[in-house]
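Report on the following structure.
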Amino acid sequence: LSLSLSVVLLCVMAQAAVSLGAVARAARALRRCRPSRDVCRATLSTSATSAASSKEPAVCIVGGGPAGMYTAHYLLKARPGLRIDVLERLPVPYGLVRFGVAPDHPEVKNCTNQFDAVFRDHPDTVRLLGNVAVGGGEAGGDVSVAELRERYAAVVLSYGAQWDRNLGIPGEAELDNVLPARSFVGWYNGDPEHAALNPDLAAGDTAVILGQGNVALDVARFLLKTPDQLHPTDARSAAVNALRNTTIRRVLVVGRRGPLEAAFTIKEFREMTRLDDCRTCINPAHFDFSEEERAFYQSQRPKKRLVELMVKIAADSNPTDSQARGWDLVFNESPLELLPDPNHPNRVGAVRLGINRLEGPLGSRKAVPTGEERIVKCGLVIRSIGYKGLPIDPSVPFDERTGVVRNNKFRVEGEAGLYAAGWISTGPMGVILTTMANASAAAKTVLHDLEVGSIKQTAGPSSSVDDLLTQRNVDVVSYNDWLSIEDYEAKQGAAVGKSAEKIADRKVMMDVVHAARAAQGE
């Protein structure tokens, strides 16, 4: 059966000229190579009994994004019979893979096949408990961390970095159309928390993105691609339609330091340089390197390849062609103030930028103001300067400055049996492969503590969590329910020529779940 489906997948890809929609549909078909739904889908009422009967300890993972799912994967790889509940605050799992990965990069989302296998291959012992908010104190929640710790041998916090870092400059909080990248990306990716964002893409011909990581380039690429190019993807239709009325022709991607400090990868940069009917402009003066600088980047292969490509593109740039549609990569400039539009005083109309010089040792240079400034007119400003974690429960030690749960090699300080994994343990860093390595190490730590007996080997039955959530009228979403949502989105997308049409409303998600349960006689 697996071989037959693989052949089908290859045929579909060939016939469709490897279009985004075809690849996504074929991949989804391959993922459906699983037991019948009655066998593989877990619900509170059916799986709790079999899970509780296992002699293995119970582990709770808080957060169903990449860090949480990879942690579950590596735990099960070492101890296949381990009981695991994955708690997710939204009705849908997989976190930034669903809401953060660019819609025109469907290949990056293939890791969801591995995440599906965590549930599919362990239907009696591994459960998704979606639509469950974990938290205590003022943050509130359906269940507190303390209550989870009473019921599980180990609790792993892997809920990610949920907030954006601020610039802290005048105009940032007061003016409209000044947006965090996380919200903008969530808006076009169908995140229910950002569905109502409604950015004005017709407020002028220039957008300024502050920050030079991969997310900044994802945002720039979305603004400069055509609606027809994005329509077949799983980008939210409302966002794609907003591009049909955009007046943006120029995007500036601004960084406070130089090309040697740029955080984006060569893959993302190369893709930006290949956009249809779109120029790339970089000032060649930024690449007048000293011998020390040249030796620094040439000693690092990834940086060497990136810098050499930037040098090549800069040599072909035409900075005088300001009327052409395209993007500018701007180095050594910092935002000092956001200014209002004279005709629309509540909306951003320009950004005041300060010119910097770099000081300090290579690899850790600091941007120092020169006193020179310039003003760039724009109708949209998106800050992309990093994410930050938030505390969800006062019982969990938290470092407000760094935005991480205080931990020592994944063990939460002073709290036996409580762990942190992913960005909430380290701060936002790296790509999905980085998160995978982090989760693998976190899982080894949990397994070690279970094996040496430094944490309790058993906990109350999983049904005790179910009873608690039932008493509090929490409408828990199971893996079974999630598949119903995913199926619905795929059908809605196929009807309009898209790989999927994501539901961007929690109520509609739950309506789909309830309808599917009714149809299945649950």
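Remark: Ser440 OG to Lys77 NZ distance equals 7.5 Å, nearest 0.5 Å. To the nearest 0.5 Å, atoms CD (Gln212) and CD1 (Ile209) are separated by 10.5 Å. A distance of 8.0 Å separates CG in Asp505 from CG in Asp511, rounded to the nearest 0.5 Å. Atom-to-atom distance recorded for Asn131:CG and Trp482:CH2 is 14.0 Å, nearest 0.5 angstrom. Considering NZ of Lys304 and OH of Tyr297, their distance stands at 7.5 Å, rounded to 0.5 Å. How far CD1 of Ile61 is from CD of Glu88: 12.0 Å, rounded to the nearest 0.5 Å.
Between Gly190 and Phe99, the shortest heavy-atom contact is O-CE2, 3.4 Å. Counting all heavy atoms, side chain and backbone alike, Cys60 lies closest to Leu148 at SG-CD1, 4.0 Å. Residues Gly403 and Lys388 share a closest heavy-atom pair of CA-CG, 4.0 Å. In plain terms, the two heavy atoms of Leu217 and Met272 that are nearest each other are O-SD, 3.7 Å. The two residues Ile424 and Ser158 have their closest heavy-atom pair at CG2-CA, 4.2 Å. When every heavy atom of Gly389 is checked against every heavy atom of Phe398, the shortest pair comes out as O-CZ, 3.4 Å.
In this structure, Phe331 and Glu261 have side chains that are not in contact, with every pair of non-hydrogen atoms separated by 4.5 Å or more. Between Leu358 and Leu260, the closest side-chain pair of non-hydrogen atoms is not below 4.5 Å. You'll find the side chain of Val185 stays beyond 4.5 Å of the side chain of Phe222, heavy atoms only. Annotation: side chain of Tyr159 is not in contact with side chain of Leu390 (no heavy-atom distance under 4.5 Å). Residues Leu306 and Lys303 fail the side-chain proximity criterion, which asks for heavy atoms closer than 4.5 Å. Within the 4.5 Å cutoff, side-chain heavy atoms of Leu450 are placed close to those of Ile455. Two residues are said to be in side-chain contact when any heavy atoms from C-beta on lie closer than 4.5 Å; Phe119 and Asn480 fail this criterion. Counting heavy atoms from C-beta outward, Glu271 and Asp104 have side chains that approach closer than 4.5 Å.
Among the candidates Glu415, Glu413, Glu400, the single residue satisfying the salt bridge (charged side-chain N to carboxylate O under 4.0 Å, His left out) test with Arg406 is Glu413. Remark: of the listed residues Val155, Leu418, Asn407, Leu418 is the sole one forming a side-chain contact (heavy atoms from CB on, under 4.5 Å) with Val396.
A donor-acceptor contact shorter than 3.5 Å links the side chain of Arg472 to the backbone of Asp142. Side-chain atoms of Trp423 come within 3.5 Å of backbone atoms of Met429 as a donor-acceptor pair (strictly under, hydrogens ignored). Under the 3.5 Å distance criterion, the side-chain polar atoms of Asp399 are matched with a main-chain donor or acceptor of Arg401. Between the Asn214 side chain and the Thr265 main chain, a donor and an acceptor come within less than 3.5 Å of each other. Between the Lys502 side chain and the Asn189 main chain, a donor and an acceptor come within less than 3.5 Å of each other. Ser499 contributes a side-chain N or O that, together with a main-chain N or O of Asp234, makes up a donor-acceptor pair within less than 3.5 Å. Side chain of Arg83 to main chain of Glu56: a donor-acceptor pair is present (N/O by atom type, distance under 3.5 Å, no hydrogens or angles). Judged by distance alone, the side chain of Ser484 and the main-chain N or O of Val513 form no donor-acceptor pair under 3.5 Å. Remark: the backbone N or O of Gln492 is not paired with any side-chain donor or acceptor of Lys498 at under 3.5 angstrom.
A salt bridge is absent between Arg149 and Asp393: the closest approach of a Lys/Arg side-chain nitrogen to an acidic carboxylate oxygen does not fall below 4.0 angstrom. Under 4.0 Å is where a charged nitrogen must lie from a carboxylate oxygen, and between Asp164 and Arg383 no such pair does. Between Arg365 and Glu292, none of the side-chain N atoms (NZ, or NE/NH1/NH2) sits under 4.0 Å from a carboxylate O, so this pair counts as no salt bridge.
In this pair, Trp187 and Phe184 present their aromatic rings tilted. The plane angle is within the 30 to 60° band. Ring geometry for Phe269 against Phe264 counts as parallel: the plane angle stays under 30°, on a 0 to 90° scale with 60° as the upper cut. Taking the six-membered ring where tryptophan is involved, the planes of Tyr94 and Phe115 are tilted, since the angle between them lies from 30° to 60°.
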Could you walk me through whether Asp218 and Arg221 satisfy the side chain to side chain contact (heavy atoms under 4.5 Å, CB included) test, starting with their C-alpha distance in whole Å, then the side-chain angles of each, then the deciding distance to 0.1 Å, before giving a yes or no?
CA-CA 5 Å; Asp218 283 345; Arg221 195 172 64 255; 3.1 Å; yes

Test log, rule side chain to side chain contact (heavy atoms under 4.5 Å, CB included), inputs Arg98 and Leu90
CA-CA 12 Å; Arg98 177 179 171 92; Leu90 290 173; over 6 Å; no

Could you go through Asp85 and Arg151, starting from their C-alpha distance and side-chain angles, then the distance that decides it, and tell me whether this counts as salt bridge (charged side-chain N to carboxylate O under 4.0 Å, His left out)?
CA-CA 11 Å; Asp85 284 348; Arg151 292 163 170 80; over 6 Å; no

Full working for side chain to side chain contact (heavy atoms under 4.5 Å, CB included) between Ser384 and Val219
CA-CA 9 Å; Ser384 183; Val219 170; 5.9 Å; no

I would like to know whether Val86 and Tyr479 meet side chain to side chain contact (heavy atoms under 4.5 Å, CB included); could you show each step before the answer?
CA-CA 10 Å; Val86 179; Tyr479 182 64; over 6 Å; no

Residues 67-76, side-chain donor-acceptor partners within the protein, below 3.5 Å, at least two apart:
residue : atom : partner : partner atom : Å
Thr71   : OG1  : Ala67   : O            : 2.7
His73   : NE2  : Gln114  : NE2          : 3.2

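More than 12 non-hydrogen atoms from other residues, nucleotides or ligands lie less than 6.0 angstrom from NZ of Lys267.
Of the N and O atoms on the side chains of Asp481 and Ser478, at least one donor lies less than 3.5 Å from an acceptor on the other residue. Checking Asp475 against His514 by side-chain atom types alone, a donor-acceptor pair falls below 3.5 Å.
Evaluation of the salt bridge (charged side-chain N to carboxylate O under 4.0 Å, His left out) rule for Glu193 yields Arg89, Arg182 as partners, not counting sequence neighbours. Evaluation of the side chain to side chain contact (heavy atoms under 4.5 Å, CB included) rule for Thr445 yields Phe410, Arg411, Tyr419, Asp449 as partners, not counting sequence neighbours.
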